[in-house]
2 protein chains.
Amino acid sequence: MKNPTIVDVAKHAGVSKKTVSRVINDESGVKPETRNKVLASVKALNFTRNPFGLSLARKRSFLVALIYDNPSPSFLVGLQSGITTACQARNLGLYIHNCDYQSASLVDDIEQMIDRTMVDGLILTSPVSDQQPLLRRLRERNIAFVAINPSDDSQGLSVRVDHFSAAKAMTRHLLDLNHQRIAFIKGHPDLFSSIRRQAGFREAMTESGITIDEDLVVQGVNNFESARIATQQLLQLPQRPTAIFASNDEMAVGALYELNKTGLKVPEDISLAGFDDIPVAAHVWPPLTTIKQPFGEIGHTAASMLIEQFQHKNRKNYHSSNLINGQLILRESTSRNKA
Amino acid sequence: MKNPTIVDVAKHAGVSKKTVSRVINDESGVKPETRNKVLASVKALNFTRNPFGLSLARKRSFLVALIYDNPSPSFLVGLQSGITTACQARNLGLYIHNCDYQSASLVDDIEQMIDRTMVDGLILTSPVSDQQPLLRRLRERNIAFVAINPSDDSQGLSVRVDHFSAAKAMTRHLLDLNHQRIAFIKGHPDLFSSIRRQAGFREAMTESGITIDEDLVVQGVNNFESARIATQQLLQLPQRPTAIFASNDEMAVGALYELNKTGLKVPEDISLAGFDDIPVAAHVWPPLTTIKQPFGEIGHTAASMLIEQFQHKNRKNYHSSNLINGQLILRESTSRNKA
DNA sequence: CTGAAAGCGCTTACAG
DNA sequence: CTGAAAGCGCTTACAG
């Protein structure tokens with residue numbers, strides 16, 4: 001009843017276990033005849049290679065770890081889906097680890113996880129991907145990793161969305177609709193994406209010759225509640241904005257909620273735009289104009305880069321940065337300003 | 001530069017490796033003096049136990065696998081969070097596997113995953129937890145698993161939400177608001193939760209002496225789009241319902257969208273209720289009356305039961321079923337029927 | 001309370 | 001093209 005091992009297969013096929021090893025690893029230089037004999041025995045005994053023996057000998061876990069801290073559900077699920085697709089194609093597994101990026105023991109926490117699993121590589125999401133002490137330590141220990149949306153992509157592997165250009169395109173869209181008093185709800189200050197989106201907004205405004213009214217630029221922290229507060233703040237202004245651009249969809253939904261509550265109509269009274277294209281964006285009323293971030297693609301690209309690196313063992317200062325474009329999605333929450 | 005092994009620690013401490021093994025495994029019967037010597041060497045060499053050696057000798061991976069097929073993001077993230085909390089407390093890791101529950105090769109797919117990782121146990125989400133050929137095979141191979149929301153909880157480990165009572169409570173809430181023509185949008189027919197929620201709805205209606213108008217019971221498949229279609233269907237009826245109870249929040253949001261589009265006001269023209277309490281439920285306008293499913297608790301309970309079982313090796317026909325209550329959350333999408 | 005030997009199931013390095 | 005030996009880093013079973 002015990003699982004058959006490579007030795008059982010060897011006996012059954014009348015060869016040495018080294019030959020069995022060669023066959024199951026698809027190494028060249030085995031006589032076709034011998035190979036077939038082994039393959040037949042593998043099938044007959046229903047043999048599957050024990051992963052622990054493999055890992056011990058090869059010093060590899062065949063596992064990729066995804067590290068995150070409290071991301072939005074849609075982002076996480078999209079990411080995981082892209083990653084598992086990339087992993088399953090190469091017979092690698094996905095290990096999940098959530099952490100607290102602000103914790104003083106972040107480095108220890110991650111190192112412990114690594115020591116306990118010996119994962120082949122890490123995928124770090126923002127803002128974990130910005131914790132320099134952690135990145136330093138990983139480089140010291142020569143542990144492969146890819147950073148998603150890091151502030152600094154000058155070293156190692158990274159995948160980023162072009163938040164800047166996308167935010168600029170969205171702002172232009174609002175400008176084209178004759179909006180001038182455009183409010184911007186900023187995202188969480190620790191996120192690279194927040195900084196770049198704001199920069200894109202500012203550049204589009206400036207390029208079109210508008211001096212930004214700083215009262216219209218308010219702080220949020222990427223969640224619903226913060227956007228409600230930010231929106232209340234905007235609505236108390238002596239002169240209301242004609243459009244609001246929120247740094248992510250969850251905040252746009254928060255703004256929409258507050259506008260609804262106040263009795264203002266979107267887009268008739270005020271236009272509203274978000275960023276991310278999470279499912280909700282298309283499900284609220286009116287559906288939101290936003291920027292689509294291809295979460296699945298981000299995950300797939302990150303995983304592929306990472307795997308490419310540790311499979312080929314060329315780790316020495318390998319550097320590669322991948323930029324992915326967001327896409328403007330026009331829905332019904334933005335319209336021409338008639339003022 | 002190589003990682004120190006148990007042998008290095010043994011040399012450093014002047015003991016045998018077996019003694020080191022005893023100490024790091026917290027076995028009793030080591031002289032305190034010896035123990036301290038070993039502990040000092042562990043610290044001095046910065047030793048961490050290699051997981052592959054451990055796994056090979058113990059024939060355990062110290063990994064729990066979560067198996068799912070396309071769940072709602074909020075559900076998955078909540079579940080993962082509860083599971084990782086339970087796992088991290090016992091130094092276990094979480095492995096992620098998504099699958100296609102309708103695939104003909106589901107059993108092979110899962111078995112391959114098991115053979116490749118030798119996970120200690122599986123957490124199966126609905127409707128994977130209802131695939132009898134898979135469950136049979138897992139029992140045959142004596143692989144520990146816990147089923148979340150299975151239709152049949154007569155064997156093995158399971159965690160279920162009391163969908164029936166919760167749906168009944170929601171229906172009563174609508175009845176108490178003087179609604180009689182209550183529509184029900186059914187969930188995906190393959191899900192146990194859908195069946196039980198519908199049954200709860202029916203029982204509450206019947207108990208209050210109402211004969212259900214079957215035109216008001218329409219099919220959905222748990223997603224936004226299906227609920228839009230179902231709602232259109234309801235609105236074309238000669239006599240409109242005064243309230244709609246959707247089997248989950250995503251469908252309630254779909255209904256809300258369609259009502260908005262038609263120009264009907266919630267709850268003034270029609271009341272609306274959902275089920276799940278995903279974040280969106282509180283973020284749409286008006287915020288939805290719904291049933292809160294404690295996703296984190298479900299994950300935590302499932303993981304704890306599973307771990308309890310395989311840690312104690314008392315696998316023989318162990319049976320335990322855990323029922324978790326949903327909670328009625330009253331928000332602004334339901335109000336008294338004035339007709 | 002401690003240790004020497006054998007074993008877990010693979011691969012690596014070498015020999016022929 | 002194939003195999004015997006040693007090794008990966010632990011634990012189990014046994015002896016003292």
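To find a chain, count down the sequence lines: A is the first, B the second, and so on, and within it residues start at 1.
The stretch residues 31-43 of chain B touches DNA chain C through B/Lys31, B/Thr34, each having a heavy atom under 4.0 angstrom from the strand.
Taking the salt bridge (charged side-chain N to carboxylate O under 4.0 Å, His left out) definition, one finds that A/Asp69 meets it with nothing, sequence neighbours left out. Under the rule for a salt bridge (charged side-chain N to carboxylate O under 4.0 Å, His left out), B/Asp190 has no partner lying at least two apart in sequence or in another chain. Taking A/Asp8 as the reference, nothing meets the salt bridge (charged side-chain N to carboxylate O under 4.0 Å, His left out) condition, with sequence neighbours excluded. By the ring pair (Phe, Tyr, Trp, His ring centres under 6.0 Å) test, B/Phe75 is found to be paired with B/Phe295, residues two or more places apart in sequence or in another chain being considered. A/Arg35 meets the salt bridge (charged side-chain N to carboxylate O under 4.0 Å, His left out) test with A/Asp26; sequence neighbours excluded.
An OP1 or OP2 oxygen of C/dG3 is reached within less than 4.0 angstrom by a side-chain nitrogen or oxygen of B/Thr19.
Screening residues 36-54 of chain A for side chain to side chain donor-acceptor pair (under 3.5 Å), with sequence neighbours left out, gives A/His12-A/Ser41, A/Asn25-A/Arg49. Residues in residues 124-138 of chain A take part in these side chain to side chain donor-acceptor pair (under 3.5 Å) pairs, two or more places apart or across chains: A/Glu111-A/Arg137, A/Asp130-A/Ser151, A/Arg137-A/Glu140. Listed by first and then second residue, the salt bridge (charged side-chain N to carboxylate O under 4.0 Å, His left out) pairs that reach into residues 146-156 of chain B are B/Asp153-B/Arg160, sequence neighbours excluded.
Distance B/Lys11 NZ to C/dG3 P: 15 Å, rounded to the nearest Å.
A side-chain donor from one of A/Ser103 and A/Ser105 sits under 3.5 Å from a side-chain acceptor of the other.
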**Complete:** Encoded 5' to 3' (Watson-Crick or G-U under 3.5 Å; [ ] crossing; | other strand), DNA chain C becomes |||.||||||||.|||

Listed pairs under 3.5 Å, donor-acceptor, residues 86-95 of chain A side chains, sequence neighbours left out:
unit_1  : atom_1 : unit_2   : atom_2 : d
A/Arg90 : NH1    : A/Ala86  : O      : 3.0
A/Asn91 : OD1    : B/Arg116 : NH2    : 3.2

**Request:** Let me have a per-nucleotide readout for nucleotides 6-11 of chain C, 5' to 3', with B, S or -, counting only protein heavy atoms under 4.0 Å.
**Result:** BBBBBB

